[in-house]
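A quick write-up on the structure given underneath.
Just follow the structure's listing: the first ligand is 1, and inside any ligand the first atom is 1. Just so it is clear, the values below take in all heavy atoms, side chains as well, and ignore hydrogens, waters and symmetry mates. In this text the structure is predicted, and so the values were computed from the model without any measurement.
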Amino acid sequence: MARSRQPLIAGNWKMNGLRADALALARGVAEGVKQAGWTDREVLVCPPATLLMAVAEAVKGSGVLVGGQDCHSNASGAHTGDISAEMLRDAGASHVIVGHSERRTDCGETDATVRAKAEAAWRAGLLPIVCIGETLAEREAGRTLQVLETQIKGSVPAGATAAKLVVAYEPVWAIGTGKTPTVAEVAAVHAHIRKILGGLMPDANVVRLLYGGSVKGSNAGELLAAGDVDGALVGGASLKADEFLAIAKAA
Ligand code: PEP
């Protein structure tokens, strides 16, 4: 199990990668992590579900962890096209991202859906990474903190503890845009998130809070050094081993 607030650098490959490229990427990350010999941070890659088993095999022995990008809330059944948390675990996953803004938007996932998926992750023995974040319109209306509070209260299941939960703050307007909040804004929002979580769980002071949204090698150092930031959820920059490893190095 991760040590208290041990930095977690998670790569979300999204719907990218066919077998050859994905395995080359996985091997590149695995090699870099092995060489670095880090014991003070965790590195996770979340490939498309079709590649999960092969990626898990490719990174075996390197210390790199593997996760899913989503799961269904049920363990099995008539849900064509869906994948359960148990199936992810069976394929080699230890983590699963739930409530990514792309799923909230593309698939209409609500806070209640996300909460059920986080509970499913627990049922299967996976660590859920619960994503929250405001849209540009919400930010411009000055509603960021209020939106995040609603998302947290709706998406984090009862019974959460720091060992069973990771929260990723991903401003929707920062995802894939090259734009990021200032370091001071990230620190202030993360402090707020930790405070809200304090009302929901006994050890929110040590729960890991990741920042996500246009993190790359060149800005990772300052974003990861912001108060209450315990790692990063990385999209685009996780598709290049060198860039992703540079972010892990900055942690
Ligand atoms: C993401 O989608 O989780 C993400 C953070 O993407 P990017 O790093 O490309 O902004």
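- Partners of His192 under the ring-ring contact (aromatic ring centres under 6.0 Å, His included) rule, at least two apart in sequence or in another chain, do not exist in this structure.
- Contacts of ligand 1 (protein heavy-atom distance under 4.0 Å) are Asn12, Lys14, His100, Glu102, Glu170, Ala174, Ile175, Gly176, Gly212, Gly213, Ser214, Leu233, Val234, Gly235, Gly236.
- Ring geometry for Tyr169 versus His190: interplanar angle over 60°, hence perpendicular rather than tilted (30 to 60°).
- The side-chain contact (heavy atoms from CB on, under 4.5 Å) check on Ala191 picks up Asp228, with sequence neighbours excluded.
- Taking Trp173 as the reference, Glu134 meet the side-chain hydrogen bond (donor to acceptor under 3.5 Å, both in side chains) condition, with sequence neighbours excluded.
- A salt bridge links Lys153 and Glu149; the closest N-O separation between the charged side-chain nitrogens and carboxylate oxygens is under 4.0 Å.
- The one candidate from Ile132, Val172, Thr110, Thr113 that meets the side chain to side chain contact (heavy atoms under 4.5 Å, CB included) condition with Arg104 is Ile132.
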